[in-house]
Amino acid sequence: MNIAICYLSQHHGNTQKVVQAMAQGQDVDLIDITAAETADLSAYDLVGFASGIYAFEFSPQAVQFLKDNLPQGKPVFFVYTYGGLRGTGCKHAVAAAREKGCPVLGEFSCRGYVTYGPFRLIGGAGKGRPNQDDLARAQAFFRDLVSGAAP
Ligand SMILES: Cc1cc2nc3c(=O)[nH]c(=O)nc-3n(C[C@H](O)[C@H](O)[C@H](O)COP(=O)(O)O)c2cc1C
């Protein structure tokens, strides 16, 4: 199965750690949205979109990337990390995928280290997250997702 995960991870690389753990030992292309304005996703059987939560939502840039690049009807899944208040989570990205008739197979989220804004004053929150347990849960989620999506 050909799988791509398009990710945006601009704060501490927390989301990148999660998608890298998912891709470990698997045949997955990781596409950094900040480095690629466009991507040809037509050859993939399954496409993931991953982002940190910034100002209570999945990165609008990642949602726009999905709108611009995701082919109609492509099965998708979502991944996000957050500091403590996940806000709308991946709701906007899910809505954009559904508008394209794409089946949403699942979503995974976990805490991530944050030093933004008021968190900086207290030395950050979620130190060490995602941790080994988060990454193991991410891998289990991904394994189940892939085996469920296999023809
Ligand atoms: C500009 C900015 C805004 C953020 N807003 C939120 C927020 O609204 N809720 C939250 O739980 N975490 C928030 N965070 C924390 C991030 O969601 C968290 O650190 C996440 O793991 C970052 O992922 P990344 O390292 O992959 O970018 C924010 C971080 C930044 C830099």
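Below, each value reflects all heavy atoms present in this structure, side chains not excepted, and no hydrogens, waters or symmetry copies. Order of appearance sets the numbers: ligands from 1, and atoms from 1 within every ligand. Everything numeric in this text was worked out from a predicted model, so none of it was measured.
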Which residue and heavy atom of the protein sit nearest [atom], plus the separation:
atom: atom 29 (C) of ligand 1; answer: Y116 CB, 3.7 Å
atom: atom 27 (O) of ligand 1; answer: Y54 OH, 2.6 Å
atom: atom 3 (C) of ligand 1; answer: A55 N, 3.4 Å
atom: atom 9 (N) of ligand 1; answer: L85 O, 2.6 Å
atom: atom 18 (C) of ligand 1; answer: G83 N, 3.7 Å

Examine [X] against ligand 1 and note whether any of their N/O atoms are separated by less than 3.5 Å.
X: G52; value: no
X: H12; value: yes
X: Y113; value: yes

H12 ring center within less than 6.0 Å of Y113 ring center
yes
*Determine, using the 4.5 Å side-chain heavy-atom cutoff (strictly less than), whether L145 and Y44 are members of one ILVMFWY cluster.*
no
Check your understanding: Are Y82 and I33 connected, step by step, through hydrophobic side chains (Ile, Leu, Val, Met, Phe, Trp, Tyr) whose heavy atoms are closer than 4.5 Å?
Key -> yes
field: Parallel, tilted or perpendicular, as decided by the 30° and 60° cut-offs, for the rings of F142 and F77
entry: tilted
How are the rings of Y116 and H11 set relative to one another: parallel (under 30°), tilted (30 to 60°) or perpendicular (over 60°)?
-> perpendicular
As an exercise, state the distance from [atom1] of [X] to [atom2] of [Y], rounded to the nearest 0.5 Å.
X: N14; Y: R111; atom1: CG; atom2: CZ; value: 10.5 Å
X: C90; Y: F108; atom1: SG; atom2: CZ; value: 12.0 Å
X: I31; Y: Y7; atom1: CD1; atom2: OH; value: 10.0 Å

Closer than 4.0 Å to some heavy atom of [X] - which atoms of ligand 1 meet that?
X: Q10; result: 27 (O)
X: G84; result: 10 (C), 11 (O)
X: Y82; result: 11 (O), 17 (O), 18 (C), 21 (O)
X: S9; result: 24 (P), 25 (O), 26 (O), 27 (O)
X: T81; result: 17 (O), 20 (C), 21 (O), 22 (C), 23 (O)
X: F56; result: 7 (C), 8 (O)
X: V114; result: 15 (C), 19 (O)

Side chain to side chain contact (heavy atoms under 4.5 Å, CB included) filter on K67, not counting sequence neighbours, yields V63, Q64, A96
Check whether more than 12 heavy atoms from other residues, nucleotides or ligands sit under 6.0 Å from atom CD of Q132, and answer yes or no.
-> no
G87 heavy atom under 4.0 Å from ligand 1 | no
Nearest heavy atom to atom 28 (C) of ligand 1, choosing from V19, T15, L8, I53, belongs to I53
Residue pairs passing the salt bridge (charged side-chain N to carboxylate O under 4.0 Å, His left out) test with at least one member in residues 118-142, sequence neighbours excluded, are R129-D134, D133-R137, D134-R137
